[in-house]
Amino acid sequence: MTAFVQGRHEYLLPMDDERGPDGRGRAQTWDWPASARELTAGELAGERPDLVILQRPHEAQLLETWTGLRAGIDVPAVYLEHNAPTGTASASRHPYADQTAIPVVHVTHFNRMMWDTGTAPTDVIEHGICDPGHLYTGERPSLAVVVNEPVRRTRVAGTDVMLKLSRELPVDVYGMGMDQLADAAPWLDGRLHENFRQSELHRAMAAHRAYFHPYRWTSLGLALLEAMTLGMPVLALSTTEAPRAVPASAGLLSNDPAELQHRGRQWLDDPGLAADAGAAARAHALDRYGLERFLADWDALTERVVA
């Protein structure tokens, strides 16, 4: 969303007094331009947007309740699907399958391949990253991991993979829910960092020698792309969209823990080797996931759907 609101449009963001799931409004921890405006449900009733972006199945009903407009009928709409399917992935039926009024937009090609959308029109717009700059120093001989709720999401996030590696190599973990991880992994005492602001997180990550992305099943973690943009070399499991996102020159993708450990040890012992891989990671991330390409793709889709 931070990348999306950098475009040339005006963005209307529902807001309620509680800033709950249906009315969060503007981000509270990131800086967004003034063109991203908060509106209450009452204020939205007086608006006629050019395009509505739905991100959860019940939002079409919210739109009609708030504005009287029917998505895909009275106002052009797209359904932005952020996630890979859960459950039996190859048989997961998308809630917007087999309708033609509202295109389903995926954020990775893997997601589009795995979701069953039937005859619904689909598109892929890959992520875009606001460039934080080449902040990498690699001065800390350890691996950085970013994960929220690592205990609850153990299998999805690969927390078990990360903990096994942390027995062999120094690993620092950033995110929310670090207190539960501290109980599960007391040997990480002093290496768990709770809920940094994004700007603080970027600088903290960039001080580590490399980034480790142990996720088994995720759409495509923005933290992985941000780490690459920072200039960090990356280790990741060879799953979901990661093989498309990380070229061989930028790091190592492997499902063999021994290979990941070996490459991590190489980087810890050879800062120059790590820095070279990080430079390749940054160049690739800026080229594939740069903001200009991302916003241009959204503009093209918007113009097509509105037309």
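Atom OH of Tyr136 and atom CE of Met205 lie 12.0 Å apart (nearest 0.5 Å). Separation of atoms CZ (Arg216) and CG (Asp160) is listed at 4.0 Å; rounding is to 0.5 Å. Atom CE of Met176 is separated from atom CE of Met178 by 9.0 Å, given to the nearest 0.5 angstrom. Put simply, CG on Asp131 and CD on Glu226 are 10.5 Å apart, with the number rounded to the nearest 0.5 Å. Atoms CD and CZ, on Gln6 and Phe294 in that order, are 10.0 Å from each other to the nearest 0.5 Å. Residue His106 holds its NE2 atom at 10.0 Å from OH of Tyr79, rounded to the nearest 0.5 Å.
Side-chain contact between Asp123 and Arg304 is present, with at least one heavy-atom pair separated by less than 4.5 Å. For the pair Asp22 and His58, the minimum side-chain heavy-atom distance is below 4.5 Å. Pro85 is listed as a side-chain neighbour of Met114, based on a closest heavy-atom distance under 4.5 Å. Put simply, the side chain of Val151 does not reach to within 4.5 Å of the side chain of Thr159, judged on heavy atoms. With contacts defined as side-chain heavy-atom distances shorter than 4.5 Å, the pair Arg244/Arg288 qualifies.
Across Val147 and Val173, no two heavy atoms sit closer than the pair CG1-CG1, 3.8 Å. The minimum heavy-atom distance between Asn83 and Trp115, with the atom names listed, is O-NE1, 2.8 Å. Nearest heavy atoms, Ala277 versus Pro233: CB-CB, 3.7 Å. A pairwise comparison of heavy atoms in Pro214 and Leu237 identifies O-CD1, 3.2 Å as the closest pair. Considering every non-hydrogen atom in both Leu44 and Thr67, the closest pair reads O-CG2, 3.6 Å. Residues Val75 and Pro49 come closest through the heavy atom pair CG2-O, 3.4 Å.
The one candidate from Leu54, Val305, Thr122, Val78 that meets the side chain to side chain contact (heavy atoms under 4.5 Å, CB included) condition with Val105 is Val78.
When the shell of 6.0 Å around CD of Gln28 is examined, it contains more than 12 heavy atoms from other residues, nucleotides or ligands. Within 6.0 Å of atom NE2 in His134, more than 12 heavy atoms from other residues, nucleotides or ligands are found, so the atom counts as buried in its surroundings. Applying the 6.0 Å contact sphere to CG of Asp31 captures no more than 12 heavy atoms from other residues, nucleotides or ligands.
A search for side chain to side chain donor-acceptor pair (under 3.5 Å) contacts involving Thr229 returns nothing, not counting sequence neighbours. Qualifying salt bridge (Lys or Arg N to Asp or Glu O under 4.0 Å) partners for Asp270, counting only residues two or more places apart in sequence or in other chains: none.
A salt bridge between Glu59 and Arg56 is present, with a side-chain N of the basic residue lying under 4.0 Å from a carboxylate O of the acidic one. Using a 4.0 Å cut-off between a side-chain N of Lys or Arg and a carboxylate O of Asp or Glu, Glu47 and Arg37 qualify as a salt bridge.
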Going through the checks in order, is the side chain to side chain contact (heavy atoms under 4.5 Å, CB included) test met by Tyr11 and Ile53?
CA-CA 10 Å; Tyr11 305 91; Ile53 297 181; over 6 Å; no

Test side chain to side chain contact (heavy atoms under 4.5 Å, CB included) on Arg263 and Ser254 and set out the steps.
CA-CA 10 Å; Arg263 181 62 62 86; Ser254 176; over 6 Å; no

Show, in sequence, the C-alpha distance, side-chain angles and deciding distance for Asn111 and Leu220, and conclude whether the side chain to side chain contact (heavy atoms under 4.5 Å, CB included) test is met.
CA-CA 9 Å; Asn111 289 2; Leu220 181 59; over 6 Å; no

Please step through side chain to side chain contact (heavy atoms under 4.5 Å, CB included) for the pair Lys164 and Gln261, ending with a clear verdict.
CA-CA 10 Å; Lys164 182 177 181 180; Gln261 179 184 331; over 6 Å; no

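Between Tyr211 and His213, the two ring planes are tilted [angle within 30° to 60°]. The aromatic rings of Trp217 and Phe110 sit perpendicular to each other, their planes meeting at more than 60°, with 30° as the lower class boundary.
For residues 144-153, the side-chain hydrogen bond (donor to acceptor under 3.5 Å, both in side chains) pairs, not counting sequence neighbours, are Glu149-Arg152.
Between the side chains of Asp299 and His9, at least one donor N or O sits under 3.5 Å from an acceptor N or O. A donor atom on one side chain and an acceptor atom on the other are found under 3.5 Å apart for Thr2 and Trp32.
A ring-centre distance under 6.0 Å is not found for His127 and Tyr289.
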